[in-house]
Amino acid sequence: MQNSRSYPFERNRYFYGKLLTVRDFESEQTYMNQKRWLLNRLLHGVGVVTGLQVTPAGERKITVNSGLAFDYQGREIIIDERQTLDLSTVKGFQNNGDYAKIVYLCLKYDETGKEMVHSVANTGRKEEVSEYNRMVESYSLLIKEELPPAEQFDATNLSCTTSLLHEDRDVRILHQVPRFVQANDRFQAKLLIQRISQQRHVRLELHPAGNGCVLEQETKQGDKLVFEKEFADGEYNVEYLYTLRALQPAPGATEGTVSMKTSDVQLFIAGHEVSVTRSVQHTFTVTYDSIAEQLLQKAYSRSLDDVLTAPNDQCLYLAQIHLQPFGSSYKVDSIVPVPFFEQVHNPSMLFNLGTAGGSRSGADSILDVQAQTQAIPADQPPHLDVNYDRAQKVLTFTLGLPEVKPIEPPKTMTTGTTDFFLLERNKPGIFGKAERSYVTDEITHGLGAGPVLITVGLEASESLLPEQQSTIYGDADAFQGTEFATELPKHTIGTLVYPHRGTFRIGVRLLEPAERGSLRVRWWAHRADAQSVQELAQPKLEAAAGTSDGHETLPLD
């Protein structure tokens, strides 16, 4: 029976005077349940969410841990406590004497009534009527022996096609091919060999035929592939991969095939050849786009009915249990958990794993990734280039890193000159000697904001010869009457500093007439913290104060 449509959804509409019946209250519960189940199915998926591990608990017993799962209708299935079961008592188990086999432990949603109460409604019957007062959402466990169809499992069926190549009482062989491959790229087909009986040695020789692809396997023997396995105790499953390369599709063609006839397969079990009675053919789509994009497009192109259509009694496969004869009975020899990958991965888990899921096979799994760095000029920002070589299937990341600029030490001193052009040669006026002040515009010293010490002096000579040039700092009268006297007029000079702007002004006041048309001032700026500035300035302050602090002075001639 197929899944009944729960949509479009209908909910109760309440109004004053409405007569509420059992149907109305059931509709209220159904509306909320079916919406939640729909979101579980579409947003989270199908399978085990947490727990539900199946482990051996003796020769014929198993233990099922508590846990949570979503079934194919989106319903929550909760096993609230650990269960220990004798397989022979589980529904579906066949005690037919053939105990060398594989069985599957399955989980289904179930409901059971609780609290039988008397119905007081007028039933029209004389006898008393009792009804369940509660419905308990529960579960049931059962055993299945047949292999489920591959179409049942969305996650695998979406990305791969799976066919049964051979099955008998000794061994089961499945063959799997990706649904999408990229042109000129390699992709992998998979063989899954399951041992059923106590026979341990299996040899498989294949001659796969390809249309739109060629076999590319280094380990092949001649024109055939050979897979051979000697199973160990408790070992029942083995996977083999072989590689093919998709060819450039012909104009108008988008598909290729991988096929094997019965004559293309030779199977040997314990050294004896076994006839293979099944042929397989897989069709794949050749694309130039990303495999992930193709899978997403296929997933989103399905209709809602296609996604939700599933039998109401479709169960989850919790474990693959391998049984072997033990005396006149059997024993549990090995257990494979969740054999068909029916698991729900929450976003936090995927984030911590650094992945958002993906196919377990196909061309995307064969990729050579390389990384390298490249020096670029220091004035360019870093950048990352990605290059993909389809022919060689090489993905290269190139990180451009700017060259390191040499670290320049911060400036601690700058110097410069500025010229004062004197007005009318600073001639004396009618009322006495000429005195005039000259102030520069703001000068940027280049040391940035903060305290600086500015030292200034007048250049005493305009000679172009370096040995004839000199600068007077302080009072020029100190050299009068000596051979070092200059022709500079009497003057005073000072500086006005703007620490927050990184600028200063120079002021010169002439105390007597000057015959020169201009004066050149040489300035020096020293960068230091406040304490260093004070230390640099202290000698000049002491010199200006004379001997008031007890320091000695030089004798004058």
Side-chain angles (χ1 to χ4, degrees), residues 1-3 40-41 44-49 52-54 62 64 67 69-75 77 79 85 87 90-94 96 98 100-110 139-179 190-197 236-239 277-278 280-282 299 302 306-323 332 334-345 359-361:
M1 175 176 152
Q2 298 298 312
N3 178 29
N40 286 345
R41 176 68 178 88
H44 302 300
V46 176
V48 176
V49 178
L52 303 181
Q53 297 89 354
V54 180
I62 59 172
V64 183
F70 295 150
D71 73 356
Y72 283 84
Q73 313 302 326
R75 297 172 296 193
I77 306 176
I79 296 181
L85 308 170
L87 280 180
V90 180
K91 180 182 177 180
F93 186 83
Q94 299 181 17
N96 53 10
D98 184 11
K101 58 185 176 182
I102 295 176
V103 299
Y104 298 96
L105 179 67
C106 300
L107 176 67
K108 285 180 57 177
Y109 177 86
D110 199 2
Y139 64 91
S140 61
L141 293 167
L142 64 151
I143 293 292
K144 288 191 175 184
E145 295 190 7
E146 66 275 7
L147 181 70
E151 294 78 13
Q152 173 177 329
F153 309 108
D154 286 348
T156 303
N157 188 51
L158 185 66
S159 59
C160 303
T161 59
T162 305
S163 298
L164 181 62
L165 180 62
H166 178 78
E167 184 177 24
D168 59 25
R169 65 184 311 274
D170 293 313
V171 70
R172 178 189 293 155
I173 302 174
L174 301 173
H175 188 250
Q176 192 176 82
V177 173
R179 287 190 179 274
K190 179 190 294 185
L191 283 164
L192 173 62
I193 302 176
Q194 297 178 338
R195 178 171 71 96
I196 299 176
S197 69
Y236 289 91
N237 297 321
V238 63
E239 289 184 357
T277 58
R278 295 176 182 267
V280 296
Q281 178 169 310
H282 300 264
R302 297 179 298 173
D306 290 339
V307 175
L308 296 180
T309 298
N312 282 328
D313 60 348
Q314 186 164 309
C315 57
L316 301 175
Y317 287 75
L318 294 185
Q320 180 185 85
I321 304 173
H322 297 268
L323 303 180
V332 176
S334 177
I335 295 178
V336 177
V338 197
F340 304 108
F341 309 105
E342 294 173 291
Q343 294 168 312
V344 176
H345 304 287
S359 172
R360 291 183 173 85
S361 61

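- The CD1 atom of I196 sits 9.5 Å away from atom CZ of R169, with the distance rounded to the nearest 0.5 Å.
- Annotation: side chain of L318 is not in contact with side chain of Y104 (no heavy-atom distance under 4.5 Å).
- In terms of heavy atoms, I79 sits closest to V64 at CD1-CG1, 3.9 Å.
- Separating the OG atom in S334 from the CZ atom in R195 is a distance of 9.0 Å, to the nearest 0.5 Å.
- Counting only heavy atoms from C-beta outward, the side chains of I173 and L164 never approach each other to under 4.5 Å.
- In this structure, R179 has no salt bridge (Lys or Arg N to Asp or Glu O under 4.0 Å) partners at least two apart in sequence or on a different chain.
- Side-chain atoms of E239 never come within 3.5 Å of backbone atoms of L191 as a donor-acceptor pair (strictly under, hydrogens ignored).
- In this structure, the side chains of R172 and H166 stay at 4.5 Å or more apart for every pair of heavy atoms.
- Counted by atom type alone, S197 and D170 present one or more donor-acceptor pairs between their side chains at under 3.5 Å.
- Both the sub-6.0 Å distance and the 45° axial angle are satisfied by K101 relative to the ring of F93.
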Please test N237 against Q320 for side-chain hydrogen bond (donor to acceptor under 3.5 Å, both in side chains), starting from the C-alpha separation and ending with a verdict. CA-CA 11 Å; N237 297 321; Q320 180 185 85; 3.1 Å; yes
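- For the pair L165 and L174, the minimum side-chain heavy-atom distance is 4.5 Å or more.
- When all heavy atoms of P148 and Y317 are compared, the pair lying nearest together is CB-OH, 3.3 Å.
- No side-chain N or O of S163 forms a donor-acceptor pair with one of H175 less than 3.5 Å apart.
- Counting only N and O atoms by type, the side chains of Y109 and Q314 include no donor and acceptor under 3.5 Å apart.
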Side chain to side chain contact (heavy atoms under 4.5 Å, CB included) assessment of I335 paired with I62: CA-CA 9 Å; I335 295 178; I62 59 172; 4.1 Å; yes
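- Here CG of L87 is found 13.0 Å from CD of Q94. Values are rounded to the nearest 0.5 Å.
- For the atom pair D71 CG and R41 CZ, the distance stands at 9.0 Å (nearest 0.5 Å).
- I77 pairs in a side chain to side chain contact (heavy atoms under 4.5 Å, CB included) with only one of the listed residues (L52, L107, V48, V49), which is L107.
- Aromatic ring orientation, H322 versus Y236: parallel (interplanar angle below 30°, classes split at 30° and 60°).
- Separating the NZ atom in K108 from the CG atom in L141 is a distance of 11.0 Å, to the nearest 0.5 Å.
- For the pair N40/R75, no side-chain contact is recorded, criterion being any heavy-atom separation below 4.5 Å from C-beta on.
- Side-chain contact check for I321 versus L105: some heavy-atom pair is nearer than 4.5 Å.
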Take V103 and L323, measure what side chain to side chain contact (heavy atoms under 4.5 Å, CB included) needs, and give me the verdict at the end. CA-CA 8 Å; V103 299; L323 303 180; 4.2 Å; yes
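- Here the CD-OH distance, from E342 to Y72, works out to 3.5 Å after rounding to the nearest 0.5 Å.
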